[in-house]
Amino acid sequence: MKTGLDNIVVTQTMLSEVDGEKGRLIIRGFSVETLAEIDTFEEVAIRLWQGFTEKDDTVKFLAFELGKARLRAFELLPSFLDIASKLPFIEGLRLGLASLSDKDEMPHHYLLTGAIPVFLAGLIRSKKGLELIKPDTSLGQAADFLRMVNGIRVDKALEQALDKYLITISDHGMNASTFTARCIASTGAGLISAVIGAISALKGPLHGGAPGPVLDMLDEIATEDKIESWITQHLSSGNRLMGFGHRIYQVRDPRADVLKRAVSTLRSTGNKRLIFAEKVETAILTALAKHKPDRPLHTNVEFYTALLLEAIGLERDLFTPIFAMGRVIGWIAHVFEQEKTGRLIRPQSEYIGPRPIAQHAV
Ligand code: ACO
C-alpha cells in the first residue's frame, strides 16, 4: 500500500509526461521550454484539447469562442459578486464557478476557461471598490485579464510574461488537482463539477498555495546577512521551505527555469529582488541537501512563479487563483480523456478498525 499513491500508474494519457529523474516535462509532444517559446496560451489549449499541430483557423475560432465566454461570464458576475468579494480570492473564485449551470448552453470548456479571468478581475476590482471592466473579445486571455484588472492595456512584455506563465503551468501529469478532476469526471458529474473539485484541491498549500508564502519568506529574510540563520531556524523547527521539493522531480523543476528566464526579461540585470532571491535559493538548496541527504529537494515551479507574478504587479493572495487560470485547460483536457474511458475510478482501502463481536446464535 502507498498512502500517497507514489509511482502508482492510474491511467494512460496523451497529454503530458513528467520525467522526474531527468527534470523534463513534455506537453503533447513538446518540451515545456519549447511550448513557452512557440505558442500562445490559446494555442496550447487547442493542443491539449484537440492535439492539433498546425496553426490554422482553429486558433482564431478558439480566441473568438473564449472572447464570447468572457462576455457570458461578465453577465454572470453580479449574481455572486457581493458575497464572493468578501471572501479570499480563491474562495470567491470557487463560489463564482459554482454559480455556473450545467444547463448553460455555451460549451462548458469555453465557459470555464473564459470565466476564470473575468471572475478574478471582477473580484479584484470589486474588493477595491472600482468599477468593473467589460472583456475585450479581440484580446487573448492574458492580455484581457491584465486589462480588466488595471483598466488599461499594460506593457506588452507583462502580457507576454503572464502568457508564458499560463502555458508553463497548463498541464503536469497526474497531480492532485488533475486526479481530483478525473475522479469527479469518472462519476459522470460533468466538467463544471470536475473543475470546481480541481480548484478545491489546488487550494491546499502543498499543491498550488506555495508562491505567496515564497514572497513572505523573502520578505521575512529581508537581508543577505539573515539568510543562513533564517534557514537554520526554520529547518530545525521542522518547517517546510516553500518553493522547494516536489513529489516527482528528483532534479530541478524545468518550469522553474522557464519562469526564471521570463522574469529576468522583465527586470534590469541589477534588479535587487531577483538577485536576492537567487542568493536565498542557493543557500536553501545547500541547506536542504544537508538536512535531507536521502531526499533530493530542488527548486519547484512556485519559487519563480512568485517572482514573476510579483513583477507583473499581482498581489500574492491572487497567485493560486491565477495558477487555476492556466491549469484549467489541462484539467479540461484530462476530463475529456477520462470521460472517453467511461470507467469509474474506485480504488480500495484496507480496513484496520475493530470488527463486530461474533453474535450468539439465538
Ligand atoms: N522544506 C523542508 N523539508 C522538506 C520540504 C521542504 N520544502 N519538502 C519535503 N521536505 C521533507 C519533509 O519534511 C519530509 O521529511 P520527514 O521524512 O522527516 O518527514 C521529507 O522531506 C519527505 O517529504 P515528503 O512529504 O515525503 O515529500 P512529498 O513528496 O510528499 O512532498 C511537497 C512534496 C508537498 C511539494 C513538499 O516538498 C513540500 O511541502 N514543499 C513545500 C511546499 C511547496 O513548495 N509546494 C508546491 C509544490 S509544486 C506544485 O504543487 C505546483
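Residue indices begin at 1 and follow the sequence shown. First listed ligand is number 1; within each ligand, the first listed atom is number 1.
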Carboxylate-amine/guanidinium contact Asp136 Arg70, below 4.0 Å: no
Checking heavy atoms under 4.0 Å, the part of Arg295 that sits near ligand 1 is side chain
Pull out every atom of ligand 1 sitting under 4.0 Å from any heavy atom of Leu288, numbered as shown with elements. 1 (N), 2 (C)
Give a yes or no on whether a salt bridge exists between Asp39 and Arg47, defined as a side-chain N under 4.0 angstrom from a carboxylate O. yes
More than 12 non-hydrogen atoms from neighbouring residues, nucleotides or ligands closer than 6.0 Å to CZ on Arg343, yes or no? no
Please report whether the ring centroid of His246 lies less than 6.0 Å from that of His172. yes
Salt-bridge present (Arg153, Asp144; N to O < 4.0 Å): no
I need the contact type for Arg240 against ligand 1. Using non-hydrogen atoms and a strict under-4.0 Å cut-off, is it side chain, backbone, both or neither? both
Flag if over 12 foreign heavy atoms under 6.0 Å of CG, Asp102: yes
Given Phe244 and Glu281, is the side-chain contact (heavy atoms from CB on, under 4.5 Å) satisfied, shown in steps? CA-CA 9 Å; Phe244 296 87; Glu281 181 191 14; 4.1 Å; yes
For ligand 1, which part of His207 has a heavy atom less than 4.0 Å away: the side chain, the backbone, both, or neither? both
Region of Ile169 engaging ligand 1 - heavy atom pairs below 4.0 Å: neither
Purely on distance, is any nitrogen or oxygen of Arg247 under 3.5 Å from one on ligand 1? yes
Where on Asn300 is there a heavy atom closer than 4.0 Å to ligand 1, on the side chain, on the backbone, on both, or on neither? side chain
Please identify which atoms of ligand 1 are closer than 4.0 Å to at least one heavy atom of Gly243. 43 (C), 44 (O)
Evaluating non-hydrogen atoms only, which member of Gly245, Ser177, Pro205 is closest to atom 37 (O) of ligand 1? Gly245
With a 4.5 Å cut-off on side-chain heavy atoms, are Ser177 and His207 touching? yes
Flag Leu241 as yes when one of its N or O atoms lies below 3.5 Å from any N or O atom of ligand 1, and as no otherwise. yes
Suppose I only count heavy atoms of Val301 and a 4.0 Å limit; which atoms of ligand 1 are within that range? 51 (C)
Which of the atoms in ligand 1, numbered in the order shown and given with their element, are less than 4.0 Å from a heavy-atom of Asn239? 2 (C)
